[in-house]
Visitor: 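Pasting in a structure now, in structure tokens, and then I'll have a few things to ask.
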Amino acid sequence: MHTPDLDSATIPELNRLLSAGELTAVDLAAAYLERIRTVDPLVRSVLFVDPTALLQAAASDRRRRAGETRGPLDGIPVLLKDNVDTADLPTTAGSRAMLVAPPAADAYLVRRLRAAGAVILGKTNLSEWANFRSTNSTSGWSAVGGQTVNPHVLDRNPSGSSSGSAAAIAAALAQVAIGTETDGSIVSPAGSNGVVGLKPSIGLVSRAGVVPISGEQDTPGPMARHVVDAAITMSALQGRDPADEATSHYPDGQTTDYAAALDPDALRGARIGVWHVPNESDEIAAIVQSTVDVIKTGGAVVVDVELPYQDDIGPVELPSMWVEFRHELEAYLATRQDVPTTMAELIEFNKADPVELSRFPQEHFEHAAEAPPITDPDYREQRANATDLARRSIDETLAAHQIDAILAVTNGPAWQIGYYPDGDHDVIGSSSAPAVAGYPAVTVPAGFVGPLPIGVSFFAGRFADARVLALAAAFERVSKARRAPAFLPTLEG
């Protein structure tokens, strides 16, 4: 059998090998499981390995031999962020309070992946409770999994909250992974670990069976080393689910084959607005400029833009999320057995546990416990304002400059781990406008500051997911900016 280079191989390339009989799904899964065994001790990104992974792969091989392959994800190994329900593996959100019996059923998106033939390898670590427990939390740390690190430089933070998913993909521990985002939790770790991450439009991927923060902003999405792999995975994830009303809003007749919508010439004739976010260093500005040069070479027209209302979004976003978090998390906890059932009970569990509060406190929990009900008129006004300001910031910019998408840097260089309890030291990002608006954003590797990856994000209006994926893929094809991690022990290593 031909063993491919796992770092560079794309899903289409793997499918060609599988179809030609030069590779089996069992061999592919075994290769990734071996990397988890040998490489993940450096990165600490995988919480649980699925003991049935090779059996799932063998079933895929039988389907292929019988001519019953379910599509391009059949036999492809996938990791899931551990806030996504799995009936045969724990789902903890990183909390020791959740180290109990697995959920009663798979999340809807997991059922979609299984129906597409994907091989579930296991679950990845995350910033505990998707980074919504403390204002001083450290990304990549959970009481269940400890501290995940950045595979490019092992004393650097992987960013969060989909820390383990991003680090695992960078380290080639699976072909694709599923992350979740409320504001930055897919794109920021993807950028910091030098991989691709798509934060889809709200309503493309069901949130049913995903530990929630905010029904107005939460969404799962794919993370991969290649845009085409993210697009293929997105096609499997997308679908209407009666348990998530938001999925009913996807327009009839709009594409659901995101890989087929990729166009190598997508940049040609496209108008791209470049937003220089605050706190861009000279090194970051140079990467943004090199990105501009690349997309111009690809035929794009570039204009500088400013996004309005950015300073007004945060003050209404956060208190809205406290209300939503309590309401939606308590509804989720009611579906689980032997766990705390209220925010107040979670707070008391953490106080009594020897590990939970050992790195940082739980201010978000405390604010959420005191938040008004979701019917509160002040909350409803705050949420409406947050959504309106975020959508206007993008829609008005797109219209004023007649542009197809907005480009901005995704992340700054990964910061050093070890600031407990002072929290994260990231000072740059562009996620809030598309996150609060519920619009798509995709980050793709663009360059490095020393050995540390920097990504750029393409984002646009609601349900423009295929468009931003096509732009990202066209940029990726020309820039060739991604490189495999070196697992340096320190920045000087």
Side-chain angles (χ1 to χ4, degrees), residues 10-13 15 71-73 176 181 186-187 190-191 195-205 219 221-238 250-251 253-275 288 291-303 305 394-395 397-398 401-410 430-431 433-434 437-446 455-482:
T10 65
I11 290 176
E13 291 165 357
N15 271 299
L73 266 191
V176 293
E181 176 163 330
I186 288 175
V187 295
V195 299
V196 174
L198 171 65
K199 197 286 292 185
S201 295
I202 300 295
L204 285 193
V205 184
T219 181
M223 308 174 84
R225 290 180 293 280
H226 316 280
V227 176
V228 65
D229 290 2
I232 288 169
T233 308
M234 186 63 214
S235 297
L237 294 173
Q238 189 271 332
Y250 190 67
Q254 194 153 330
T255 183
T256 56
D257 188 342
Y258 296 94
L262 299 182
D263 178 0
D265 292 322
L267 289 170
R268 190 164 306 282
R271 286 179 57 84
I272 308 295
V274 177
W275 175 36
V288 173
T291 300
V292 168
D293 294 341
V294 167
I295 64 177
K296 283 182 175 178
T297 299
V301 176
V302 174
V303 296
V305 301
I394 296 173
D395 294 341
T397 303
L398 294 172
H401 297 276
Q402 297 183 315
I403 52 179
D404 298 291
I406 298 165
L407 170 77
V409 67
T410 307
S430 56
S431 66
Y439 291 177
V442 59
T443 184
V444 63
V456 294
S457 290
F458 294 87
F459 54 94
R462 191 180 189 193
F463 298 132
D465 301 65
R467 181 61 169 163
V468 295
L469 280 168
L471 293 170
F475 169 72
E476 174 190 62
R477 184 176 67 88
V478 179
S479 67
K480 297 179 171 59
R482 190 191 69 85

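Residue indices begin at 1 and follow the sequence shown. Note that this is a predicted model, so its numbers are computed, not measured.
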Visitor: Kindly determine whether Leu471 and Leu267 satisfy side-chain contact (heavy atoms from CB on, under 4.5 Å), including the steps that lead there.
Guide: CA-CA 6 Å; Leu471 293 170; Leu267 289 170; 4.0 Å; yes

Visitor: Report yes or no: does Arg467 contribute a side-chain atom to a donor-acceptor pair with the main-chain N or O of Asp404 at less than 3.5 Å?
Guide: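 The answer is no, because no donor-acceptor pair under 3.5 Å joins these two groups.
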
Visitor: Determine yes or no for a side-chain-to-main-chain donor-acceptor pair under 3.5 angstrom, with Glu181 supplying the side chain and Gly221 the backbone.
Guide: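 Checked: no pair found.
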
Visitor: What ring pair (Phe, Tyr, Trp, His ring centres under 6.0 Å) pairs are there with at least one residue in residues 254-273, not counting sequence neighbours?
Guide: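 Residue pairs with at least one partner in residues 254-273: there are none.
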
Visitor: Looking at residues at least two apart in the chain, or sitting in another chain, which of them share a salt bridge (Lys or Arg N to Asp or Glu O under 4.0 Å) with Arg462?
Guide: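 Arg462 satisfies salt bridge (Lys or Arg N to Asp or Glu O under 4.0 Å) with no other residue.
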
Visitor: Using the rule side-chain contact (heavy atoms from CB on, under 4.5 Å), only one of Val301, Ile272, Leu398 pairs with Ile403; which is it?
Guide: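 Output: one option passes, namely Leu398.
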
Visitor: Which is it for Val442 and Val227 under the side-chain contact (heavy atoms from CB on, under 4.5 Å) test, yes or no, and what are the steps along the way?
Guide: CA-CA 9 Å; Val442 59; Val227 176; 5.5 Å; no

Visitor: If you measure from CD1 on Ile232 to CG on Leu469, what distance do you get to the nearest 0.5 Å?
Guide: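 One finds 11.5 Å between CD1 of Ile232 and CG of Leu469.
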
Visitor: How many angstroms lie between CG in Leu73 and CG in Leu237, if you round to the nearest 0.5 Å?
Guide: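 Going from CG on Leu73 over to CG on Leu237, the span is 8.0 Å.
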
Visitor: Do you know which two heavy atoms are closest between Pro434 and Lys199, and how far apart they sit?
Guide: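 Answer, listing the atom of Pro434 first, then Lys199: O-NZ, 3.2 Å.
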
Visitor: Can any side-chain N or O of Thr256 pair as donor or acceptor with the backbone N or O of Ser235 at less than 3.5 Å?
Guide: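 Flag not set: sc Thr256 to bb Ser235 has no pair under 3.5 Å.
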
Visitor: Looking at every non-hydrogen atom in both residues, tell me the closest pair between Asn15 and Pro72 and how far apart they are.
Guide: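 Shortest heavy-atom contact: ND2-O, 2.8 Å.
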
Visitor: To the nearest 0.5 angstrom, please state how far the CG atom of Leu198 sits from the CZ atom of Phe458.
Guide: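 Rounded to the nearest 0.5 Å, the CG-CZ separation comes out at 13.0 Å.
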
Visitor: With side chains defined as the heavy atoms from C-beta onward, is the minimum distance between Ile406 and Ile394 less than 4.5 Å?
Guide: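 In short, these two side chains touch, coming nearer than 4.5 Å.
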
Visitor: Once rounded to the nearest 0.5 Å, what's the spacing between atom OH of Tyr250 and atom OG1 of Thr255?
Guide: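 Those atoms lie 6.0 Å apart.
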
Visitor: Specify the closest pair of heavy atoms between Ala261 and Ala470, including all atoms of both residues, with the distance to one decimal.
Guide: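 For Ala261 versus Ala470, the nearest heavy atoms are O-CB, 3.9 Å.
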
Visitor: State which residue, out of Val274, Val302, Val305, fulfils the side-chain contact (heavy atoms from CB on, under 4.5 Å) condition with Leu407.
Guide: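 In the set Val274, Val302, Val305, the residue that makes a side-chain contact (heavy atoms from CB on, under 4.5 Å) with Leu407 is Val274.
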
Visitor: Measuring from atom CG of Asp229 to atom OG1 of Thr10, what distance do you get when rounded to the nearest 0.5 angstrom?
Guide: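 Spacing of CG (Asp229) from OG1 (Thr10) equals 5.5 Å.
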
Visitor: So which heavy atom on Pro12 is nearest to which on Val228, and how close?
Guide: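 In this case the closest contact between Pro12 and Val228 is CG-CG2, 4.0 Å.
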
Visitor: Taking side chain as C-beta onward, heavy atoms only, is Ser201 less than 4.5 Å from Asp465?
Guide: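 Yes. Closest side-chain heavy atoms under 4.5 Å.
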
Visitor: Tell me the closest heavy-atom pair linking Phe459 and Pro440, and the distance in Å.
Guide: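 For Phe459 versus Pro440, the nearest heavy atoms are CB-O, 3.1 Å.
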
Visitor: On a heavy-atom basis, which atom in Thr443 and which in Ala190 lie closest, and how many Å separate them?
Guide: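 That would be CG2-CB, 3.5 Å.
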
Visitor: Who are the side-chain contact (heavy atoms from CB on, under 4.5 Å) partners of Ala460, not counting sequence neighbours?
Guide: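 Ala460: side-chain contact (heavy atoms from CB on, under 4.5 Å) contacts with Ala405, Ala464, Val468.
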
Visitor: Compare all side-chain heavy atoms of Asp395 with those of Tyr439 and state whether any distance is below 4.5 angstrom.
Guide: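 Yes, at least one pair of side-chain atoms sits under 4.5 Å.
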
Visitor: What's the separation between atom NE2 in His226 and atom CD in Glu476, rounded to the nearest 0.5 Å?
Guide: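 It is 7.5 Å, given to the nearest 0.5 Å.
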
Visitor: Report yes if some heavy atom in the side chain of Val456 is under 4.5 Å from a heavy atom in the side chain of Pro445; otherwise report no.
Guide: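 Val456 does not reach Pro445 side chain to side chain.
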
Visitor: Consider side-chain hydrogen bond (donor to acceptor under 3.5 Å, both in side chains). Of Ser431, Ser430, Ser457, which one does Thr410 pass it with?
Guide: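 When Ser431, Ser430, Ser457 are each tested with Thr410, the side-chain hydrogen bond (donor to acceptor under 3.5 Å, both in side chains) holds only for Ser457.
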
Visitor: Are the side chains of Val444 and Arg482 in touch, meaning some heavy atoms are under 4.5 Å apart?
Guide: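 No, too far: nothing below the 4.5 Å cut-off.
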
Visitor: With a 4.5 Å limit on heavy-atom distance, are the side chains of Val294 and Arg477 in contact?
Guide: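 Answer no - side chains too far apart.
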
